[in-house]
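Notes to accompany the following structure.
Atoms within each ligand, like the ligands themselves, are counted from 1 in listed order.
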Amino acid sequence: MDPRGLRGDAPLLDAWLLFSAQARAGGLVPMSVPGHKQRQDLTGAVVAGDTPLYGGLDTIKHADVLLAEAERRAARLWGADWCRFSVAGSTHGNQALALAVGSPGQEVIVTRNLHRSLLLGLVLAGLRPVWVLPERDPASSLPAAVAVSTVRAALARHPGACAVFLGDPSYVGTTGDLVGHADAAHQAGVPLIVDAAWAAHLGFHPDLPPHAIAAGADAMVTSAHKALPAYTQGALVLARTARLDRARLDRAFDATHTTSPAGAIAASIDACRALLARDGKELCARLITLVAGARRRLSRVPGVAVLDGPGVEPAKLVVLLAGTGAHGNAVEADLIAAGMPVELADRDTVIPIVTLADDESTVTRFTGVLASAIERHRGPPRRPVPSPAWTVTPEMAIPPRQAFFAPNETVGADAAAGRISAELVAPYPPGIPVLAPGEIITAGALAALRAARSEGSRIAYAADPSLATFQVLTA
Ligand SMILES: Cc1ncc(COP(=O)(O)O)c(C=O)c1O
């Protein structure tokens, strides 16, 4: 139940193990939620291991104390002085951090390659985005980091901005100069906040970039369930409180978090923290070696390219297919049939997630199956067409919050060009809005969305995912 002996340094994990043992031994007749009462004869094993934080891991009156101890240990590990465990992913963390800065109507400097959760955070908080665009890799058109000079210029043009929000690493693992960004933000007297959803492992090995807090950021959110062996939805929100108010951070976090956090999720975050603290360097070393080996093997497949080199996170594997002529969706279908679903596949790109839980056998098997799938679907090399998520250049007409609440109507796609979008439309993955509420629906955005859909992308959050109609503000 605790194969690496982590419970001694993980109070929530220890409590979960104790509770589970008691439940298994039939020693519990709970007269509290959850309604399954630890029985599996009604809905089955799907509820196995489900334990509430309040009234499960500890009494309803005392669980906060236990949770605070686990969060204190995480804050110390990341060099923060405030930490909260979220059971609602980096989605919740981003929204909590948006609610923790500024006040409605204030500007924030934000990368337009943001995840939709942060865009909705801006709606909730009423913040007005000043968009900054990332640099782009000319060969692949994939996004690189936002340049520090871009953020400095935006801060100079918008002296009333209350924070800088960046996503680093990007969805494709590109990383930027967070130290420079922190300097730029701090010289302007505002906090730097980083969505590091994919990067919970960063900073735990000298060959990995430092994590955002170590680089000088004032707050970061990261999904423990993405890079670390945590339960789905587990995330950490971490902050240093010199430029952010601790009580406001707590209020913002609690405003949108459930009052019934799952104890198993929280305990798994605690277990990941204990694992990183003790074995992080060794596990990250294995991860870096595994990904380097995979990059080497895949680069030998004719036509395949992988992202690599400075500015690319060493644990990220991004496979570029255009030179093979194989379509990413066909390759993905073969991988799914082989029991190897990947995180993202579009026409020209396949992005598997390799984590601390992988080993030589899983990664070698994956690269072998991937190489065979590419051979099966090989065709004439083609020019890559970047996902509209990477190339979006917004034209904001009114702030997202104003548009979110404005009267709207449904129009046919042909009538939508030039109108103001009421909705958020994003190919998912990666979940970067191509259209955000308040933005002009340009002919370019329409064409790019249609092209992504016809190439097999899932179009998410649109009222009409077929893209035949759009929700626009009433004229
Ligand atoms: C950059 C980024 N931020 C935030 C999120 C949301 O994370 P979660 O799924 O943990 O809510 C994602 C999800 O893919 C993401 O890519």
task: Examine Tyr171 against ligand 1 and note whether any of their N/O atoms are separated by less than 3.5 Å.
output: no
- request: Could you walk me through whether Phe85 and His257 pass ring-ring contact (aromatic ring centres under 6.0 Å, His included), step by step?
  value: CA-CA 10 Å; Phe85 289 180; His257 203 217; over 10 Å; no
- prompt: With backbone taken as N, CA, C and O and side chain as the heavy atoms from C-beta onward, which portion of Asn94 lies under 4.0 Å from ligand 1: side chain, backbone, both, or neither?
  reply: side chain
- request: Report the nearest protein non-hydrogen atom to atom 16 (O) of ligand 1: residue, atom name, distance rounded to 0.1 Å.
  value: Trp198 NE1, 2.8 Å
task: Looking only at protein heavy atoms, identify the closest one to atom 3 (N) of ligand 1 and say how far it is in Å.
output: Asp195 OD2, 2.6 Å
- prompt: Can His225 be said to touch ligand 1, with heavy atoms closer than 4.0 Å?
  reply: yes
query: Is it true that the side chains of Asn94 and Ser90 contain a donor and an acceptor less than 3.5 Å apart?
result: no
- prompt: Does one side chain, of Gln106 or His158, offer a donor that lies under 3.5 Å from an acceptor on the other?
  reply: no
- request: In sequence, state the C-alpha distance, the side-chain angles, and the governing distance for Arg240 and Asp81, and then conclude on salt bridge (charged side-chain N to carboxylate O under 4.0 Å, His left out).
  value: CA-CA 5 Å; Arg240 282 199 302 217; Asp81 57 32; over 6 Å; no
query: Going by the angle between their ring planes, with limits at 30° and 60°, are Tyr171 and Trp198 parallel, tilted or perpendicular?
result: perpendicular
query: Among all protein non-hydrogen atoms, which one is nearest to atom 8 (P) of ligand 1, and what is the separation to 0.1 Å?
result: Ser90 N, 3.5 Å
- line: One finds that the ligand 1 atoms under 4.0 Å from a non-hydrogen atom of Tyr428 are 13 (C), 14 (O)
message: Between Trp16 and Tyr231, does the ring-ring contact (aromatic ring centres under 6.0 Å, His included) criterion hold? Intermediate values first, please.
response: CA-CA 13 Å; Trp16 183 87; Tyr231 231 103; 8.4 Å; no
Whether Ser268 side chain and Ile265 backbone form a donor-acceptor pair below 3.5 Å: yes
- prompt: Does the salt bridge (charged side-chain N to carboxylate O under 4.0 Å, His left out) test come out yes or no for Arg84 and Asp250, once each step is laid out?
  reply: CA-CA 8 Å; Arg84 297 290 302 267; Asp250 277 321; 2.8 Å; yes
- prompt: For Ser117, is at least one N or O under 3.5 Å away from an N or O on ligand 1?
  reply: no
task: Classify the contact between Lys226 and ligand 1 as side chain, backbone, both or neither, using a heavy-atom distance cut-off of under 4.0 Å.
output: side chain
query: Between Thr91 and ligand 1, which part of the residue brings a heavy atom under 4.0 Å of the ligand: side chain, backbone, both or neither?
result: both
- request: Name the closest protein heavy atom to atom 15 (C) of ligand 1, giving the residue it belongs to and the distance to 0.1 Å.
  value: His115 CD2, 3.4 Å
message: Under 4.0 Å, heavy-atom basis, I'd like to know which part of Ser223 is in contact with ligand 1: side chain, backbone, both or neither.
response: side chain
